[in-house]
Amino acid sequence: MTASKADIERMVAAGEWRREDLVRVLGTQDADAIETLRAAAEATLLARVGAGVSLRGLIEFSNVCISDCLYCGIRMHNRKVERYTLTDDEIVASARWCAEMGYGSVVLQSGERRDARFIGRLVDNVRAIKEATRSERQPDGVGITLCVGEQSREDYQRLFDAGAHRYLLRLETSSPELFALIHPARQRFETRLQCLKTLREVGFQVGTGVMIGIPGQTLEQLADDLMLFRTLDIDMIGMGPYIPHAAAAMPADWPVAPVETRMDLAFKMIGLARLSLGDVNIAATTALQALDPVGRERGLRFGANVIMPQVTPLSVRKQYTLYDGKPCLEDSAGQCATCLEGRIASVGRFIRYHSWGDSAHFARRNDLPVELPQAPAVPRLPNVRADKIIQLHLKQD
Ligand code: SAM
């Protein structure tokens, strides 16, 4: 039986989020029930984290990859991709641009490599970015999140010591069986789980996430994903819809759920993550925007509080295509920046400029001060349905 509005109100009041509750909410198609979930998630966000949205400039610095994830456009055996690695100067210049724009943090993301040359350069780049982005407002430079896959404890430690302090490593799914179906045998679920534990021990703020709507995935598995995030006491969540890629290696006869179904589930997952995990950072991911022009804004309204604007140089951005329909392929980083402010204001939220935007969950767990940023004095727009926002904007303009 799926959850009604009254059921969700009861679950919110109880605040327990058992597996069967999660499955019932994920399965509901009742518009009132979904709106109740959304409103409760937004209220939790505002109470526990505040209305500020933190930005991380996304620098996709290399698409060279030794992994072969079946779903991914840059997997090693996709011979159609032109491989690139940005120069050190390009990486540092992209980060400096972010600092000048007040983004506060960057994400360095790439395909997976574990060789000494790759790690050595990354360590140097982290150090150089820290040096190059120090300012009066950010004396310790921009915050650096890494997303470079499974590495050894020693290498995680070196990257942490160099100055990176957050790390994203998606589990992709909490089901070892489903994981095995979408990865080659040498890539193991247990390794990824162990890496998340190691990252925590090293001292990183640790993020993980899953793809939503993987062929064959069940509502029970998505509920288990949320339960596992809690068991791992994760600090940050980045999850979005699975999107097929023409040159990926997923078997052609695996059915992909319609876009509306994957988006509906993605928003419910964000809302449920906010309600069940409270004060973690949750990203409104690019994949949401790939399937819906206002997908990220809708994600914010379901309780997300982080956006990762594209700053990868335009010359290589097309080569970092994980799935078909990646947005902002033609927009310069400057254009992305201009478009962001209005988009975020349109859902009554504001950008936390010049801030690392760390996870409040990590701060509370470590008895560090938690900042609940106050909104700058801008008028709030009326509460409109997220899918009407762009039209509203155009009319106002
Ligand atoms: N190599 C690093 C790693 O594995 O963590 C970072 C890069 S990896 C390409 C970043 C994320 O892209 C993956 O964790 C996966 O969730 C996502 N991704 C890849 N292919 C995708 C697809 N077809 N649809 C949706 N997300 C996808």
Side-chain angles (χ1 to χ4, degrees), residues 56 58-78 81 83-85 107-115 118-119 122 145-151 155-156 159 164 166-174 178-179 181-184 186-189 191-196 198-199 204 206-215 217 222 225 236-251 254 256-257 259 262-263 265-266 269 283-292 295 299 308 310 312 317 319-327:
R56 285 95 174 79
L58 177 60
I59 308 172
E60 296 153 333
F61 67 92
S62 173
N63 66 356
V64 179
C65 191
I66 60 163
S67 292
D68 237 339
C69 311
L70 268 60
Y71 45 85
C72 185
I74 62 164
R75 70 198 169 83
M76 179 173 72
H77 280 108
N78 180 7
V81 182
R83 302 289 167 174
Y84 73 88
T85 300
V107 176
L108 296 179
Q109 191 184 89
S110 71
E112 209 151 302
R113 275 177 63 181
R114 287 186 264 284
D115 54 285
F118 173 80
I119 296 293
L122 187 54
T145 305
L146 296 178
C147 182
V148 295
E150 296 166 12
Q151 306 292 343
D155 289 338
Y156 283 149
L159 292 162
R166 291 185 296 243
Y167 202 105
L168 295 172
L169 179 66
R170 286 191 182 183
L171 283 165
E172 315 300 357
T173 169
S174 60
L178 183 57
F179 187 97
L181 281 177
I182 59 173
H183 295 97
R186 68 185 162 82
Q187 290 177 234
R188 299 188 54 244
F189 178 77
T191 311
R192 221 164 263 212
L193 209 50
Q194 184 53 53
C195 282
L196 289 175
T198 307
L199 284 162
F204 281 102
V206 179
T208 193
V210 293
M211 288 186 296
I212 297 156
I214 302 169
Q217 193 176 38
L222 290 175
D225 296 343
M236 319 178 297
I237 302 288
M239 54 189 174
Y242 161 72
I243 308 176
H245 184 286
M250 297 285 271
W254 287 5
V256 180
V259 166
R262 281 176 281 144
M263 289 300 273
L265 283 172
M269 285 289 282
T285 55
T286 313
L288 291 174
Q289 193 192 0
L291 294 186
D292 176 348
M308 305 199 284
Q310 259 298 343
T312 307
R317 208 177 285 176
Q319 273 111 263
Y320 199 92
T321 308
L322 310 178
Y323 42 75
D324 293 329
K326 179 180 177 180

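Indexing begins at 1, ligand by ligand and atom by atom, following the structure's order.
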Taking the basic N atoms (NZ, or NE/NH1/NH2) and the acidic carboxylate oxygens, is any pair closer than 4.0 Å for Glu112 and Arg75?
no
Nearest protein heavy atom to atom 8 (S) of ligand 1: under 4.0 Å?
no
Could you work out, for atom 13 (C) of ligand 1, the closest of Met211, Met250, Glu172 by heavy-atom distance?
Glu172
If you measure only the distance, is there a donor-acceptor pair under 3.5 Å linking the side chains of Ser110 and Ser62?
no
Is the distance between the ring centroids of His183 and Tyr71 under 6.0 Å?
yes
Flag Ser110 as yes when one of its N or O atoms lies below 3.5 Å from any N or O atom of ligand 1, and as no otherwise.
yes
Tell me which part of Tyr320 gets within contact of ligand 1: side chain, backbone, both or neither, using heavy atoms under 4.0 Å.
side chain
Atom 23 (N) of ligand 1 [closest protein heavy-atom partner, distance rounded to 0.1 Å]
Ile243 O, 2.7 Å
If the test is side chain to side chain contact (heavy atoms under 4.5 Å, CB included), which one of Arg56, Gln109, Met236 qualifies with Leu168?
Met236
Is the shortest distance from a Lys or Arg side-chain nitrogen in Arg192 or Glu150 to a carboxylate oxygen in the other one below 4.0 Å?
yes
Which residue and atom name correspond to the protein heavy atom nearest atom 12 (O) of ligand 1, and how close is it?
Leu322 CD1, 3.3 Å
With atoms numbered from 1 as shown, which atoms in ligand 1 lie under 4.0 angstrom from a non-hydrogen atom of Cys147?
2 (C), 6 (C)
Is the shortest distance from a heavy atom of Ala287 to ligand 1 less than 4.0 Å?
no
Okay, side chain of Asp68, backbone of His77: is any donor-acceptor separation there less than 3.5 Å?
yes
Starting from atom 20 (N) of ligand 1, which protein heavy atom do you reach first, and at what distance in Å?
Tyr71 CD1, 3.3 Å
Check contact between Pro241 and ligand 1, using heavy atoms of the residue and a distance below 4.0 angstrom.
yes
Protein heavy atom at shortest distance from atom 17 (C) of ligand 1
Arg170 NH1, 3.9 Å
Tyr167 ring center near Tyr156 ring center (under 6.0 Å)
yes
Evaluate Gln109 for polar contact with ligand 1, using N/O atom pairs at a separation under 3.5 Å.
no
Please say which of Met211, Gln187, Met239 ends up in a side chain to side chain contact (heavy atoms under 4.5 Å, CB included) with Glu172.
Met211
Would one find an N or O of Tyr323, backbone or side chain, under 3.5 Å from an N or O of ligand 1?
no
Donor-acceptor check, side chain of Asp324 to backbone of Ala246, threshold 3.5 angstrom: yes or no?
yes
protein heavy-atom neighbour closest to atom 4 (O) of ligand 1 works out as Glu112 OE1, 3.4 Å
